[in-house]
Amino acid sequence: MNKKDDRKKYVGLRLGGMLLFIVLSILLVKYTAVGDWLSLDRMQSMVEQTGFWGILIFIGIFVAAAIMNVPGTAFLLLSILLFGYWQGALFTYIGALLGAWVTFVLGRTMGGKALTEIKNPTVKNLLLEAEVRPIRTLIVLRILVQFSPLVGYTLALTNIKQRHYMIGNVIGILIPTIGLSIGMYFFEDTIRSLFG
């Protein structure tokens, strides 16, 4: 086996390991008590019993959920139901930024910059756009997919700098946070029934 084949195998193993981690995380939330624990009633009880610490625990759970690919949009809605519009949106914004940072760091640690090894010209052009205009790319991605942890995992595998990734998230995550909070204001009764 030559050096090129070794490199492909190494990249494939890193990508496979990261994909396995993401799939196992999703299965953990879907098929264990972890998913049940994230209900509105349990979260409300936790916040009421712990006071100020409940806020920090909520943000910590949000970050852990981001690592396990739980949709962050659900956390925004849950946060507004728990803390109100202003505080809920603020706590979600902080949790989403921390979750975005952690998923990026985990993705870079597990997968390195594996996507830079891909030879497909279409994929290379898409990745080049993310690397040349990282902040704009992040803003667009966050508008389209809001708080998706897959953005962090995927972009971690490129040459994008962590600083640019976080600047893009600071701006990009703010937009869906405001938009979804406004939507929650108009559809609160319907959303509350979903979490009930």
Side-chain angles (χ1 to χ4, degrees), residues 7-8 10-26 55-56 58-77 79 86-183:
R7 184 76 181 142
K8 280 184 181 179
Y10 175 72
V11 169
L13 285 173
R14 288 188 84 162
L15 286 174
M18 193 172 98
L19 183 62
L20 180 64
F21 173 78
I22 291 169
V23 169
L24 288 175
S25 297
I26 292 169
I55 296 166
L56 297 178
F58 177 83
I59 291 172
I61 291 170
F62 190 148
V63 172
I67 293 168
M68 295 185 292
N69 290 289
V70 173
T73 304
F75 269 88
L76 171 65
L77 304 177
S79 181
W86 294 105
Q87 288 181 320
L90 176 64
F91 300 152
T92 299
Y93 182 70
I94 292 167
L97 287 176
L98 289 172
W101 176 72
V102 169
T103 56
F104 184 87
V105 170
L106 277 174
R108 181 69 51 95
T109 301
M110 288 189 292
K113 296 179 181 178
L115 290 181
T116 60
E117 301 291 328
I118 291 177
K119 302 296 182 215
N120 182 301
T122 306
V123 174
K124 282 182 89 72
N125 286 338
L126 288 171
L127 295 176
L128 183 63
E129 182 68 23
E131 292 168 10
V132 172
R133 296 179 184 86
I135 296 171
R136 185 176 81 178
T137 301
L138 253 301
I139 292 169
V140 170
L141 283 172
R142 289 303 180 191
I143 290 170
L144 295 175
V145 295
Q146 291 100 36
F147 309 113
S148 174
L150 294 176
V151 172
Y153 286 127
T154 304
L155 290 179
L157 303 174
T158 69
N159 283 326
I160 191 171
K161 291 181 173 69
Q162 189 176 35
R163 177 174 42 97
H164 293 140
Y165 173 78
M166 286 311 296
I167 292 169
N169 276 306
V170 165
I171 300 165
I173 289 174
L174 186 61
I175 296 166
T177 301
I178 293 169
L180 290 168
S181 297
I182 292 168

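If you're wondering where the values come from, they're calculated on a predicted model, not measured in any experiment.
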J.: Taking the side chain as every heavy atom from C-beta outward, state whether F104 and I160 have any pair of such atoms under 4.5 Å apart.
T.: yes
J.: Checking L138 against I167 for the side-chain contact (heavy atoms from CB on, under 4.5 Å) test, could you report, in this order, the C-alpha distance in whole Å, the side-chain angles of both residues, the deciding distance, and whether it holds?
T.: CA-CA 9 Å; L138 253 301; I167 292 169; over 6 Å; no
J.: Strictly distance-based, threshold 3.5 Å: is any side-chain N or O of R108 a donor or acceptor partner for the main-chain N or O of T158?
T.: yes
J.: Under 3.5 Å, which donor-acceptor pairs do the side chains of residues 169-178 form with other protein atoms, sequence neighbours left out?
T.:
{"residue": "N169", "atom": "OD1", "partner": "R142", "partner atom": "NE", "Å": "2.6"}
{"residue": "N169", "atom": "OD1", "partner": "R142", "partner atom": "NH2", "Å": "3.1"}
{"residue": "N169", "atom": "ND2", "partner": "Y165", "partner atom": "O", "Å": "3.0"}
{"residue": "T177", "atom": "OG1", "partner": "I173", "partner atom": "O", "Å": "2.7"}

J.: What residue pairs, at least two apart or across chains, pass salt bridge (Lys or Arg N to Asp or Glu O under 4.0 Å) with a residue in residues 150-159?
T.: none
J.: Determine the minimum heavy-atom distance between L76 and A89, stating which atoms define it.
T.: CD1-CA, 4.1 Å
J.: In Å, rounded to the nearest 0.5 Å, how long is the span from CG of L98 to CE of M166?
T.: 7.5 Å
J.: Verify, without hydrogens or angle tests, whether T154 (side chain) and V151 (backbone) share a donor-acceptor contact under 3.5 angstrom.
T.: no
J.: Write down the atom of G99, the atom of A66, and the distance for their closest heavy-atom approach.
T.: CA-CB, 3.9 Å
J.: Which atom names give the shortest non-hydrogen contact between V105 and Q162, and what distance separates them?
T.: CG2-NE2, 3.2 Å
J.: Write out all pairs satisfying side-chain hydrogen bond (donor to acceptor under 3.5 Å, both in side chains) with one or both partners inside residues 88-99, taking only residues at least two apart or from two chains.
T.: S79-T92
J.: Can you measure from OG1 (T103) to CG (L155) and round to the nearest 0.5 angstrom?
T.: 9.5 Å
J.: Counting distance only, does the side-chain N/O of E131 pair as donor-acceptor with the main-chain N or O of N159 below 3.5 Å?
T.: yes
